[in-house]
Structures are given as C-alpha cells and as structure tokens.
Amino acid sequence: AMAEHSQLIPTRWHRRRDGSIFPVEITARHLMWHDRPTHIAAIRDITARKQAEQTLLDHNRELAALNTELQTRNEDLDAFAHTVAHDLKNPLHLVVGYAETLVEAGTDLTGDEQADALNNVARNARKMNNIIDELLLLAEVRKTQVVLRPLDLARILSDTQQRLTDLIVDSHAEITLPATWPIVLGYAPWVEEVWVNYLSNAVKYGGQPPRIELGADVLPDNVVRLWVRDNGQGLPSEVHGRLFSPFTRLDQIRARGHGLGLSIVRRIVEKMGGQVGVQSGEPGTGSLFYFTLPQLD
C-alpha cells in the first residue's frame, strides 16, 4: 500500500560548481511505502522560467510607461483642440469684425475710429500669434531633449522684462528683483518662457498698480525655488491644484486669460527635473507662483 503527499517549496537559490547562483524549484514528496515513511525531493533548474517572468515584468513596466506617455499626449491634444476652439476663435472673430467694419464703413469713420479699429485688429492678431507660439513651444517641449547648463538668471530676467515692456509700462507695475541670483541648471530659452508667463500673470492679475517681487530660496539637496509674488486678490486653496492643468483658464477664477500657459510651464519645468506650485494666503494677500531647478554644485 502506498500513500503520497506532495509539497512545493518556495523558490530557493543554489550555487553551481563555477560559483554562479541559479534559482531552483523543489518539490518534496512524502510517501508511505508499506507503512514506512519515504521522502523524495525533485530539484528543477528554473532559470529560463525566471528569465521569462522577468522579461514579462519588464514589458509590463514598459507598457505602463507608454500608457502614461500616451495619456500625457492625449491631454496635450485635448488642450490643443480646446485652445483652437476657444482662445483662437474669439480674437479671430474680433479681427474679422473690425476688418469688415473698416472695409464697409471706412470712409464714414473718423480718424480716431479708424485708428481704434486698427489697434484692435493688431492687438487681437498679436494675441493669436502668442497662442500659436505657445502651441509650438508645447510641441517642442514634448519632443526635445535638452542639456541643462548653468544659467545667468539676471540676464534671463532682463530679457524677460524687455519682452514685457509694453505690459509693464502700461500697468505702471513696480518690480523688485534680488541683488544676486544663485546659479541654477536649466535650459535658458525654456526658463525665460516660465518667467514670462509668471511675470505677465503677476502684472495682469496683481494689484492696482501691480507690486511684484521676484526671489530665490536655496532648499536642501541642492534645489533652488524661484518665485514671483504679486499683490493681487490671491487664490482660494481649492483651485491651486487645477491651475497647472491644460483645461484651466484663469478667467474662470479671477480675470481674462488663456489656458495653456501654466500647463506649459509645468511641462517645461518637469522636463528640466523641477516642480511647480502656488501659494496663496488670505484673500487680498496676493499669490506666490514658484518653480524649482537644481543648483550648480
């Protein structure tokens, strides 16, 4: 008479004669042979199976990463469609309207009325051009791998303010900068775009007149937080998490604006290894928008 009971022992590791380690699967059988207990163990080299399992695990990880990238690209495409449908359509409608007015009633308009119509055409055309530039920048960020280099932040801020001269002058904004900047690593054209976005938002949505302060804080682990503080109405904490998403338009919260700007800032900064965020206290205390970059060792 014979009774049998099998037991699968968890994977063990054995050493070959050459010293290499390999995984084995051990199956132990406990037999009763004519009322006498007998134990038999079968040892199987499962190296090939473990390699196949690891390959499958690696493929699953790659698939998860591709799915994440695909989701990000879908968000970008959705943001593109959203922008074309809304942000481009509105100024285009105004350009067409003013142009048709000039064609149909140009001789009946006074000089001031003609100048006002032309100024509106030019202003809305510039708005469309800025949106197109942002979309091109978004495409560049998504496709381009850049080398991070030490940045001259003082020069970048000078170029930023030059680009925003008309906005700063027209709003009578007062901008305070630190005497010196830490040296951070980044890609200068992209960092300038971040400053342009943050600073233009601070001017547009700050106090009357805007009082804006820029600064930098050196954090642990060689990280620098660069920030812009305005004197506007501030933002409720429940909207902080939505500000940097592609579908959030600033005019839904506090003023007119278009929606890709802050989402592009997030894409840019994350591509350079940093993070973005906003801090805002009680209403009327203003907001602080920041981004982080690695500090030069």
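Owing to the predicted nature of the structure, the values given are computational and were not obtained by experimental measurement. What's counted below: heavy atoms across the whole structure, side chains too, no hydrogens, waters or symmetry copies. In this chain, numbering begins with 1 at the start of the sequence shown.
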>> Is there a side chain to side chain contact (heavy atoms under 4.5 Å, CB included) between Leu151 and Val191? Walk through the geometry before answering.
In response: CA-CA 9 Å; Leu151 301 180; Val191 173; 3.6 Å; yes
> Could you go step by step and tell me if Glu100 and Val96 meet the side chain to side chain contact (heavy atoms under 4.5 Å, CB included) rule?
Replying inline: CA-CA 6 Å; Glu100 289 179 344; Val96 172; 3.6 Å; yes
>> Quick one, Asn197 with Asn201, criterion side chain to side chain donor-acceptor pair (under 3.5 Å). Give me CA distance, side-chain angles, the key distance, then yes/no.
In response: CA-CA 6 Å; Asn197 190 283; Asn201 281 341; 3.1 Å; yes
> Run the side chain to side chain contact (heavy atoms under 4.5 Å, CB included) check on Asp230 and Tyr205 step by step: do they pass?
Replying inline: CA-CA 8 Å; Asp230 64 47; Tyr205 311 131; 5.5 Å; no
>> Working note: Val194 + Val276, criterion side chain to side chain contact (heavy atoms under 4.5 Å, CB included); need CA distance, chi angles, decisive distance, verdict.
In response: CA-CA 10 Å; Val194 174; Val276 298; over 6 Å; no
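Smallest separation of non-hydrogen atoms from Gln161 and Ile168: O-CD1, 4.0 Å. Minimum heavy-atom separation, Glu192 to Thr160: CG-OG1, 3.6 Å. The minimum heavy-atom distance between Tyr290 and Val278, with the atom names listed, is CE2-N, 3.6 Å. In plain terms, the two heavy atoms of Gln275 and Val269 that are nearest each other are N-CG1, 3.4 Å. Smallest separation of non-hydrogen atoms from Pro182 and Leu153: O-CD1, 3.6 Å. For Ala99 against Val121, the heavy-atom pair with the smallest separation is N-CG2, 4.2 Å.
Under the 3.5 Å distance criterion, the side-chain polar atoms of Thr176 are left unmatched by any main-chain donor or acceptor of Leu214. Side chain of Tyr98 to backbone of Leu118: no donor-acceptor contact under 3.5 angstrom is found. Judged by distance alone, the side chain of Thr101 and the main-chain N or O of Gly97 form a donor-acceptor pair under 3.5 Å. Looking at Asn231, its side chain does come within 3.5 Å of a backbone N or O of Pro209 through a donor-acceptor pair. Between the side chain of Ser287 and the backbone N or O of Ser280 there is no donor-acceptor pair closer than 3.5 Å. In this structure, the side chain of Asp116 does not engage the main chain of Asp112 through any donor-acceptor pair within 3.5 Å.
Residue Gln295 holds its CD atom at 11.0 Å from CG of Asp221, rounded to the nearest 0.5 Å. Expressed to the nearest 0.5 Å, how far CZ of Arg61 lies from CG of Leu56 amounts to 11.0 Å. With values rounded to the nearest 0.5 angstrom, Thr165 atom OG1 is found 10.5 Å from Asp170 atom CG.
When the side chains of ILVMFWY residues are joined at heavy-atom separations under 4.5 Å, either directly or via intervening members, Ile175 and Trp181 end up in a single hydrophobic cluster. Cluster annotation: Ile183 is not connected to Leu219 through the hydrophobic network of ILVMFWY side chains, with a link wherever side-chain heavy atoms come within less than 4.5 Å. Hydrophobic clustering (side-chain heavy atoms under 4.5 Å, transitive across Ile, Leu, Val, Met, Phe, Trp, Tyr) keeps Val223 apart from Phe291. Note: the hydrophobic cluster containing Val184 also contains Val218 (ILVMFWY, side chain heavy atoms under 4.5 Å, direct or indirect links). Leu177 and Leu167 fall within the same hydrophobic cluster, defined by Ile, Leu, Val, Met, Phe, Trp and Tyr side-chain heavy atoms under 4.5 Å apart, directly or through other members.
Put simply, the side chain of Gln145 reaches to within 4.5 Å of the side chain of Lys271, judged on heavy atoms. At least one side-chain heavy atom of Arg155 sits less than 4.5 Å from a side-chain heavy atom of Asp159. In this structure, the side chains of Leu293 and Leu226 come closer than 4.5 Å at one or more pairs of heavy atoms. The shortest side-chain heavy-atom distance between Leu148 and Met272 falls under the 4.5 Å cut-off. Residues Val224 and Pro294 are not in side-chain contact: their nearest non-hydrogen atoms beyond the backbone lie 4.5 Å or more apart.
The aromatic rings of Phe289 and Tyr198 sit tilted, their planes meeting at an angle between 30° and 60°.
With sequence neighbours excluded, the residues that form a side chain to side chain donor-acceptor pair (under 3.5 Å) with Glu193 are Arg163. Asp58 is linked by a side chain to side chain donor-acceptor pair (under 3.5 Å) to Gln54, counting only residues two or more places apart in sequence or in another chain. Scored by the side chain to side chain donor-acceptor pair (under 3.5 Å) test, Asp217 finds Arg225, Trp227 as partners (sequence neighbours excluded).
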